[in-house]
Colleague: 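Provided herewith is a single structure, encoded as structure tokens, for subsequent inquiry.
Sequence lines set the chain letters: A, B, ... in the order given, protein chains first and strands last, and positions in each chain run from 1. Since this is a predicted model, take the numbers as computed values, not measurements.
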There are 2 protein chains.
Amino acid sequence: MPNILDVALKAHVSIATVSRVVNKSHHKVNLATQERVREAIRELDYRPNALAKGLLMKKTMTIGIIIPDISNPYYAEIVRGIQDVADQAGYAVTLHNTDKKPEGIIRYIYLLREKSADGIIFSGGIINGQETLSILKELRERVVVIGRHEVDFPAVMVDNIGGAARAVQHLFDIGHRRIGFIGGPDGSTTALDRLTGYKNTIAQNGVTFSPRLVKKGMWTPKSGYLLGTELLKGKGRPTAIVAANDPMAFGAIKAAKALGLVVPKDLAVVGFDDIPLSSYFDPPLTTVKIPMHDLGAASMTMLLNLISGEKFKKVKLFKTTLQVRESTVEPLKKADRKKY
Amino acid sequence: MPNILDVALKAHVSIATVSRVVNKSHHKVNLATQERVREAIRELDYRPNALAKGLLMKKTMTIGIIIPDISNPYYAEIVRGIQDVADQAGYAVTLHNTDKKPEGIIRYIYLLREKSADGIIFSGGIINGQETLSILKELRERVVVIGRHEVDFPAVMVDNIGGAARAVQHLFDIGHRRIGFIGGPDGSTTALDRLTGYKNTIAQNGVTFSPRLVKKGMWTPKSGYLLGTELLKGKGRPTAIVAANDPMAFGAIKAAKALGLVVPKDLAVVGFDDIPLSSYFDPPLTTVKIPMHDLGAASMTMLLNLISGEKFKKVKLFKTTLQVRESTVEPLKKADRKKY
DNA sequence: ATGATAATGGAAAAGCTTTACCATAGGGCG
DNA sequence: CGCCCTATGGTAAAGCTTTTCCATTATCAT
């Protein structure tokens with residue numbers, strides 16, 4: 001690979017001049033000289049070495065994303081949002097999945113630090129423990145977090161509590177009283193918030209919380225199926241189920257069908273996230289819509305602000321909306337749908 | 001951030017000694033000295049700067065992935081496979097989406113070259129044009145391609161032609177003669193191969209190709225719905241449809257239902273890929289299973305071989321298998337299922 | 001014609017690591 | 001007791017860029 005000296009030699013100028021041409025320095029360079037340099041660059045197919053540049057400038061134009069699992073559509077969509085903004089701004093993105101290895105987060109933080117990443121975006125998983133915090137402290141000005149508020153970094157938040165509340169209230173509104181909940185795994189704040197919204201709302205409607213009606217899933221359709229079956233086979237079966245994400249809702253619906261129940265007549269089901277496939281399901285899934293792409297985009301925008309040192313609001317909250325479809329109610333006329 | 005000199009000073013040794021301790025050089029270092037160095041490293045929380053290291057060693061332990069769109073579950077799964085292997089081997093991964101910008105590929109190749117990536121994995125999208133090829137030529141020994149064979153790089157292949165053939169043959173076997181096809185967009189070799197398999201197989205079964213029965217989709221459920229509607233509304237409607245991926249199959253099934261058709265009685269539908277949700281759909285989707293995770297893992301393994309200079313087989317072909325479910329046939333007993 | 005100023009080009013340092021090569025000191029052996 | 005070898009540690013170069021100061025040249029004006 002040619003370096004700047006090769007170019008300088010070929011164009012019969014100094015490396016300083018080459019750099020000035022490449023970086024459009026305000027320091028003036030004779031037009032003819034510029035052309036000579038550009039010609040040499042073209043012939044050699046020269047590109048400045050980003051490693052050397054990064055080393056000197058303390059800027060790598062690279063940020064890291066740390067998420068549990070890219071094959072989860074929820075995170076895939078967030079990552080896409082991040083990338084769209086990052087790419088626009090000239091930043092490259094490295095991706096790191098933390099699941100299947102508990103020590104993942106710390107390892108990746110160190111890795112990113114070694115590689116001089118300009119910033120980090122976290123989503124999901126668990127941030128805690130003294131070690132993680134102390135490591136993060138050093139990077140404070142370069143971290144944005146999605147979906148958690150208990151750590152004092154800039155954050156993009158989702159109203160999960162409110163979303164779950166709306167889902168549950170919707171079920172009460174259409175007459176349900178025994179409402180099951182298929183949540184996420186321990187340690188996920190998203191899962192916790194969604195559960196909190198559920199608890200709050202049943203209490204508000206004068207129903208006592210029954211631990212039997214609450215299960216902890218693993219975000220997968222399979223766990224939705226398994227836990228849905230448990231919920232529906234036990235005595236005092238719920239007439240409605242809220243699942244903490246759409247794939248688990250699909251699993252629960254499958255479980256209901258396997259038991260001969262008809263959705264929504266015998267069992268109403270509400271999901272969470274509104275992944276692209278949810279409206280194509282049969283029945284189309286009522287779900288709490290999360291603007292995943294926007295979440296990602298907003299977090300990257302924040303990080304950009306952080307890097308450039310601009311002032312900005314440290315917390316951005318995204319509202320959730322309930323998409324009412326046919327897994328909770330028989331098809332409605334448009335006019336009626338509005339009230340939810 | 002502390003550097004190696006800070007450590008050396010603190011431990012009262014030279015930087016060479018520090019490096020020896022850090023990199024476990026065979027050059028021996030007094031045990032007491034080692035401990036002093038390690039102590040200093042711990043106190044300063046020192047980590048070697050990967051930029052400087054990469055610059056010197058010409059090795060960055062980073063590879064790039066260039067794909068059309070991470071929010072497509074097909075690619076998300078491939079990326080996960082790549083990452084699992086890469087992570088194991090200590091490599092970080094940068095991700096680049098090419099859709100929505102035709103010049104994407106070239107831009108990312110240059111970017112990766114600037115950043116001294118140790119290798120690149122391509123999947124999907126279109127590689128052609130003189131410029132792209134000439135750029136790639138310089139990188140020849142560091143590129144692995146997934147799903148295309150017309151360029152002379154090491155490749156991980158999928159038997160898309162055979163898969164489509166099996167899907168179509170299955171439909172013939174259960175009595176269908178008018179079989180529609182919802183393919184992918186122009187320029188996608190995957191889409192092309194799947195179409196070829198379709199064409200071959202209808203010909204083998206003595207049916208003449210009818211352009212009317214073939215549509216070009218965009219991989220999305222929406223395009224499946226739209227094109228499914230077109231297919232089913234026209235005269236001489238097909239009794240079966242093969243979709244080039246699962247989301248489009250879901251769309252087509254929704255279209256059928258909207259028209260009052262029952263799947264599989266009035267219309268049989270086969271998808272492609274077998275994404276996790278496919279078996280949870282209603283009816284569970286018959287589909288050509290692609291081992292996406294393995295595809296990604298295999299490509300990264302190849303790239304690792306390429307990097308280490310080991311000999312390896314330059315082309316790895318993955319077979320596809322037909323998952324027969326209830327979108328083509330009423331539930332079968334296990335024994336019967338075998339024959340497909 | 002000469003001095004001053006503007007226009008342009010160059011040299012060198014900093015950023016951080018690894019490693020080949022060199023230097024030193026101490027111990028063992030003759 | 002002196003020499004040599006071995007064990008250990010140090011020095012310096014290479015890898016490539018950007019940018020700050022300097023230096024040079026040429027042109028213009030007096």
Colleague: With side-chain contact (heavy atoms from CB on, under 4.5 Å) as the test, pick out the partner of A:Tyr46 among A:Ile4, A:Val37, A:Asp6.
Modeller: A:Ile4
Colleague: Rounded to whole Å, please give me the gap between CZ in B:Arg47 and P in C:dC16.
Modeller: 17 Å
Colleague: Check the distance between C:dG9's C1' and A:Gln34's CD and give it to me in whole angstrom.
Modeller: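 That distance rounds to 13 Å.
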Colleague: With DNA chain C as reference, determine whether B:Asn49 or B:Arg20 sits nearer its 5' end, using the nearest nucleotide of each.
Modeller: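 It is B:Asn49, whose closest nucleotide lies nearer the 5' terminus.
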Colleague: Can you identify which nucleotide, out of D:dC16, D:dG9, D:dT17, has its nearest atom closest to the B:Thr33 side chain?
Modeller: D:dG9
Colleague: Are side-chain N/O atoms of A:Lys316 and A:Thr301 paired as donor and acceptor at under 3.5 Å?
Modeller: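 Distance-only check fails for A:Lys316 and A:Thr301.
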Colleague: Report which part of the nucleic acid A:Ser19 touches: base, sugar-phosphate, or nothing (heavy-atom distance under 4.0 Å, all strands).
Modeller: base
Colleague: For the side chain of A:Lys53, starting at C-beta, report the closest nucleotide among C:dT17, C:dG9, D:dT18.
Modeller: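 Side chain of A:Lys53 sits closest to D:dT18.
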Colleague: Whole angstrom is fine here: how far is it from CG in A:Leu5 over to C1' in D:dT18?
Modeller: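 My rounded result for the distance is 15 Å.
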Colleague: Counting just side-chain N and O atoms, does A:Thr17 come under 4.0 Å of either OP1 or OP2 of C:dT8?
Modeller: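 So the side-chain polar atoms of A:Thr17 never come under 4.0 Å of the phosphate oxygens OP1 or OP2 of C:dT8.
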Colleague: Is any side-chain heavy atom of A:Gln83 less than 4.5 Å from a side-chain heavy atom of B:Leu95?
Modeller: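 The answer is yes; the side chains approach within 4.5 Å.
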Colleague: Among D:dG15, C:dA12, D:dG10, find the nucleotide with the atom closest to the side chain of A:Ile15.
Modeller: C:dA12
Colleague: How close or far is atom P of C:dC16 from atom CE of B:Met1, stated in whole angstroms?
Modeller: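 Going from CE in B:Met1 over to P in C:dC16 covers 8 Å.
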Colleague: With the side chain of A:Pro48 defined as its heavy atoms from C-beta on, choose the nearest nucleotide among D:dT18, C:dG10, C:dT17.
Modeller: D:dT18
Colleague: Would you tell me if any nitrogen or oxygen in the side chain of B:Lys28 comes within less than 4.0 Å of OP1 or OP2 on D:dT8?
Modeller: no
Colleague: What is the separation between atom CG on A:Asn23 and atom P on D:dT20, rounded to the nearest whole Å?
Modeller: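 A:Asn23 atom CG is separated from D:dT20 atom P by 12 Å.
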Colleague: Select base, sugar-phosphate, or nothing to describe what A:Leu51 touches, counting heavy atoms under 4.0 Å on all strands.
Modeller: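 The answer is nothing, as A:Leu51 stays clear of every strand by at least 4.0 Å.
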Colleague: Quick one: A:Lys59 NZ to D:dC16 C1', roughly how many Å, whole number?
Modeller: 19 Å
Colleague: Please answer whether the main-chain N or O of A:Ala16 pairs with a side-chain N or O of A:Ser19 as donor and acceptor at a distance below 3.5 Å.
Modeller: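 No: the side chain of A:Ser19 does not pair with the backbone of A:Ala16.
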Colleague: Using modelled atom types and a 3.5 Å cut-off, is there a donor and acceptor pairing between side-chain atoms of A:Lys58 and backbone atoms of A:Ser116?
Modeller: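 No, A:Lys58 side chain to A:Ser116 backbone: no donor-acceptor pair under 3.5 Å.
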Colleague: So which one's nearest nucleotide on DNA chain D is more toward 5', B:Ser14 or A:Leu55?
Modeller: B:Ser14
Colleague: Which nucleotide sits closest to the side chain of A:Met57: C:dT18, D:dT19, C:dG15?
Modeller: D:dT19
Colleague: Rounded to whole Å, how long is the line connecting atom CD1 of A:Ile4 with atom P of C:dA11?
Modeller: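 Checked: the CD1 to P distance equals 14 Å.
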Colleague: Whole angstroms only, please: what is the CG-P distance between A:Asn30 and C:dG10?
Modeller: 12 Å
